[in-house]
Amino acid sequence: MKSRRLILLFLLLTVLTPVVFSQSVQKKISILGDSYSTFYGYVTPDTNACWYGIGEEGAENDVKRVEETWWYPFISEQGFLLECNNSYSGSTICHTGYNKQDFSDRSFITRMNNLGNPDIILIFGGTNDTWAGVPLGEFQYSDWNQEDLYNFRSAFCYLLDYMTNQYPEAEIYNITNTELSREVSGSMDDICKHYGITNIRLRYIDKQSGHPSISGMRAIYNQVGNVILKNNKETD
């Protein structure tokens, strides 16, 4: 009887151990984004404004389910875990918003300290900075003051400087949308190179009402996923 119990215990441990190991190596992903990464009920904090998942906002867009976003299927299908999706519709990277309003309550640099404890960070912004025509400012890599953070370039430098220091063990990726101004997309390239951060420049994203359609979301998934999965395969 005792030997039979030992055999059963051994078999049980043999079955369970791979499951526990598999869960322990799952990487956690956090997103710092704008409307492109929102879906109502899936953002943190839940007071963040959403564009997707709210009927009146995305009425002319065919993305109706969270499974149709770019990030949800990527995380679930590739075996990652969502640590935090701190996305806010209409948010700019810098503190300047539409019509020169003060967006310091929702800017990327205000929210960058609320991402949990991720292994991978995806930054997906700059769209509203382009649409709002925010001041570009200068490439500034240190000694920022509050006024500097109302300009795109200095704010993006500040963001990546904080990310690399606050999350030193995390893989950090910046995602650059299509149809941004040349100045914004080019600045992202240069600043990412300065900080050694991979910049994923999207191509050919279908959009409805200025936002990715189902087809556009899948294209983002594929382009972002290819880079991240390749990098993770190389480091395994």
Side-chain angles (χ1 to χ4, degrees), residues 26-93 98 106 108 111 115-116 118-132 171-181 184-185 188 192 198-233:
Q26 283 184 296
K27 290 188 175 181
K28 298 177 292 183
I29 292 182
S30 287
I31 302 166
L32 182 62
D34 54 27
S35 60
Y36 279 41
S37 304
T38 61
F39 200 92
Y40 184 72
Y42 290 86
V43 296
T44 303
D46 59 10
T47 52
N48 287 3
C50 293
W51 196 85
Y52 289 103
I54 299 178
E56 62 272 18
E57 289 290 345
E60 298 179 5
N61 190 288
D62 61 4
V63 175
K64 304 301 181 185
R65 301 182 300 119
V66 70
E67 292 84 2
E68 295 165 339
T69 62
W70 68 268
W71 52 270
Y72 186 94
F74 170 66
I75 291 172
S76 59
E77 291 173 16
Q78 299 302 330
F80 295 111
L81 295 173
L82 179 62
E83 172 76 355
C84 176
N85 181 2
N86 193 334
S87 296
Y88 196 121
S89 181
S91 61
T92 46
I93 287 173
Y98 289 90
R106 70 201 73 177
F108 278 55
R111 295 181 287 116
L115 295 177
D119 300 298
I120 299 173
I121 298 174
L122 306 179
I123 305 167
F124 194 1
T127 299
N128 291 298
D129 298 80
T130 289
W131 290 354
E171 299 171 43
I172 303 173
Y173 299 86
N174 184 66
I175 305 169
T176 300
N177 191 15
T178 59
E179 302 175 274
L180 299 188
S181 70
V184 167
S185 58
M188 283 184 162
C192 284
T198 300
N199 185 32
I200 305 171
R201 294 194 65 161
L202 300 177
R203 295 166 57 87
Y204 310 119
I205 304 302
D206 183 65
K207 299 173 185 177
Q208 299 168 347
S209 302
H211 293 71
S213 62
I214 292 176
S215 173
M217 289 291 191
R218 197 68 189 182
I220 297 172
Y221 170 165
N222 290 334
Q223 293 175 46
V224 172
N226 286 341
V227 175
I228 296 174
L229 295 177
K230 179 182 178 182
N231 286 357
N232 276 263
K233 185 176 181 181

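Classification of the His211-Trp131 ring pair by plane angle, with boundaries at 30° and 60°, yields perpendicular.
Evaluated for a side-chain hydrogen bond (donor to acceptor under 3.5 Å, both in side chains) with Asn48, the options Asn85, Thr38, Asn86 yield exactly one hit, Asn86. Put simply, the residue from Asn128, Leu32, Asp129 that forms a side chain to side chain contact (heavy atoms under 4.5 Å, CB included) with Phe108 is Leu32. For the pairing with Cys192, the side chain to side chain contact (heavy atoms under 4.5 Å, CB included) check across Asn199, Thr176, Ile200 returns one residue only, Asn199.
Within the model, atoms CD1 of Ile93 and CG of Asp34 stand 8.5 Å from one another, a figure rounded to the nearest 0.5 Å. Here the CD1 atom belonging to Ile121 is positioned 10.0 Å from the SG atom belonging to Cys84, to the nearest 0.5 angstrom. Summarising the geometry, atom CD1 belonging to Ile228 is positioned 9.5 Å from atom CD belonging to Gln78; distances are rounded to the nearest 0.5 Å.
Ser209 and Asn61 share no donor-acceptor pair across their side chains, judged by distance under 3.5 Å alone.
Shown here are the side-chain contact (heavy atoms from CB on, under 4.5 Å) partners of Ser213, two or more places apart in sequence or in another chain: Asp62, Asp206, Gln208, Ser215.
For Phe124 and Trp71, the ring centers are positioned 6.0 Å apart or more. For Tyr52 and Phe39, the ring centers sit 6.0 Å or farther from each other.
Look at Arg218 and Glu77 and you find a salt bridge, because one of the NZ, NE, NH1 or NH2 atoms lies within 4.0 Å of a carboxylate O, short of that distance.
Considering only heavy atoms from C-beta on, Asn231 comes within 4.5 Å of Tyr173 through its side chain. Annotation: side chain of Phe74 is in contact with side chain of Leu229 (closest heavy-atom distance under 4.5 Å). Here the side chains of Pro73 and Tyr221 are in contact, with some heavy-atom distance below 4.5 Å.
With hydrogens and angles ignored, the 3.5 Å screen pairs no side-chain donor or acceptor of Glu83 with any backbone N or O of Leu115.
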